[in-house]
Student: 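One structure, pasted below without further comment.
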Amino acid sequence: NTAIVQLNSIASMMDTAKYEKILNGKEENEKYIKDIEKNFIKAATVNELYSVYTVYYDTDKVLKYGISTPDEYSNDDLNIGSPVEQSDIDEELITVFETGKPEYTNIIKSERWGSLISAYVPIKNDSGKTFAVIAIDLPAGSVINDAKQLLIKIVSILIISSIITA
């Protein structure tokens, strides 16, 4: 859930109408693209994420990359319009396009990254249609650590409340 909160925060920085026009080829705006890229880099750095990226379906229903963290942050050369490899498409990503609701994967084992989790949030246009998805890949260890910290807090609260009520 922390990943979904992070993604919603990143997505809220986007002008969705402008971004939809860019993806549909109806507008070119290099400055806007660079600004979003900078926000993605900042989010990836601050939150220790492997990558932040968007994906969308083109008019031929081919899943393609939109804006993403650049090569030095993700080790991929993902330009707007690059096709998404079939091996990188998972069920949860497709579900976000179908339902318009956030999703995240179970732990994925990757030769490059080790154990990671991907989280997805829809990017919707003014009519509420999901036209793209923003995604992050994060180390599974960070999610496990967040869960451990939450568990410690819950146990502490239970211990304190049992002492007070005893």
Side-chain angles (χ1 to χ4, degrees), residues 1-16 19-20 22-23 32-58 61-125 129-156:
N1 286 345
T2 302
I4 301 297
V5 170
Q6 289 173 339
L7 271 176
N8 280 323
S9 174
I10 296 166
S12 70
M13 297 183 283
M14 299 179 75
D15 179 335
T16 57
Y19 191 53
E20 186 174 30
I22 290 169
L23 294 180
Y32 178 73
I33 292 169
K34 289 294 179 195
D35 287 346
I36 293 298
E37 206 172 75
K38 284 178 190 173
N39 286 332
F40 284 9
I41 292 167
K42 183 177 180 182
T45 304
V46 168
N47 296 295
E48 299 178 352
L49 307 173
Y50 291 138
S51 57
V52 180
Y53 55 97
T54 62
V55 293
Y56 67 99
Y57 281 107
D58 69 6
K61 299 293 181 198
V62 175
L63 195 59
K64 296 197 171 176
Y65 286 103
I67 298 174
S68 64
T69 48
D71 184 47
E72 63 264 26
Y73 295 91
S74 67
N75 286 336
D76 288 326
D77 189 17
L78 307 176
N79 297 313
I80 293 177
S82 299
V84 178
E85 297 281 331
Q86 190 64 39
S87 61
D88 290 337
I89 302 172
D90 52 50
E91 181 182 318
E92 293 83 3
L93 174 59
I94 301 303
T95 301
V96 176
F97 277 104
E98 293 171 349
T99 66
K101 295 180 181 173
E103 289 282 338
Y104 56 91
T105 64
N106 289 320
I107 295 174
I108 300 168
K109 301 286 185 188
S110 163
E111 283 185 33
R112 180 187 305 157
W113 303 112
S115 297
L116 66 99
I117 294 173
S118 295
Y120 309 106
V121 167
I123 302 174
K124 298 180 180 184
N125 60 20
K129 179 182 180 266
T130 299
F131 69 89
V133 171
I134 185 168
I136 57 173
D137 295 331
L138 64 153
S142 67
V143 175
I144 292 167
N145 287 337
D146 286 349
K148 285 179 184 175
Q149 291 300 318
L150 180 59
L151 186 59
I152 289 168
K153 288 178 185 175
I154 292 170
V155 169
S156 299

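When reading the values below, keep in mind they use all heavy atoms of this one structure, side chains included, and skip hydrogens, waters and symmetry mates.
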Student: Rounded to the nearest 0.5 Å, what separation is found between the CD1 atom of I136 and the CZ atom of F40?
Tutor: 11.0 Å

Student: Can you tell me how far the CG atom of L138 sits from the CG atom of L116, to the nearest 0.5 Å?
Tutor: 7.5 Å

Student: CD1/I67 to NZ/K38 distance, rounded to the nearest 0.5 angstrom?
Tutor: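 These two atoms lie 12.5 Å from each other.
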
Student: Would you name the heavy atoms of L23 and A132 that are closest together and state the gap between them?
Tutor: CD1-CB, 4.0 Å

Student: For the residue pair E48 and P139, what are the closest heavy atoms and their distance?
Tutor: O-CD, 3.4 Å

Student: Are the side chains of D90 and Y120 in touch, meaning some heavy atoms are under 4.5 Å apart?
Tutor: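 Yes, close enough: below the 4.5 Å cut-off.
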
Student: Between L93 and L63, is a side-chain contact (heavy atoms from CB on, under 4.5 Å) present by the stated rule, with each step listed?
Tutor: CA-CA 10 Å; L93 174 59; L63 195 59; 3.7 Å; yes

Student: Would you mind reporting whether F97 and P122 have side-chain heavy atoms less than 4.5 Å apart?
Tutor: no

Student: Taking all non-hydrogen atoms of both residues into account, name the closest pair between G100 and T130 and its distance.
Tutor: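 Closest approach of G100 to T130: CA-OG1, 3.5 Å.
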
Student: Which heavy atom of A43 sits nearest a heavy atom of I10, and at what distance?
Tutor: CB-CD1, 3.5 Å

Student: OG1 of T95 to CD of E103: how many Å apart, nearest 0.5 Å?
Tutor: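 Those atoms lie 5.0 Å apart.
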
Student: I134 and side chain to side chain contact (heavy atoms under 4.5 Å, CB included): which single residue from V55, N8, V96, I123 fits?
Tutor: I123

Student: With a 4.5 Å limit on heavy-atom distance, are the side chains of Y56 and K64 in contact?
Tutor: yes

Student: Can you measure from OG1 (T105) to CG (D137) and round to the nearest 0.5 angstrom?
Tutor: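 The OG1 atom of T105 sits 8.0 Å away from the CG atom of D137.
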
Student: Would you tell me whether T16 and N125 have side-chain atoms, one donor and one acceptor, within less than 3.5 Å of each other?
Tutor: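 No, no side-chain donor-acceptor contact under 3.5 Å.
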
Student: Test side-chain contact (heavy atoms from CB on, under 4.5 Å) on Y53 and V84; report intermediate values, then the result.
Tutor: CA-CA 11 Å; Y53 55 97; V84 178; over 6 Å; no

Student: Rounded to the nearest 0.5 Å, what's the gap from CD1 on I36 to OH on Y19? Could you check?
Tutor: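 Answer rounded to 0.5 Å: 8.5 Å.
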
Student: May I have the step-by-step check of side-chain contact (heavy atoms from CB on, under 4.5 Å) for Q86 and I89, ending in yes or no?
Tutor: CA-CA 5 Å; Q86 190 64 39; I89 302 172; 4.0 Å; yes

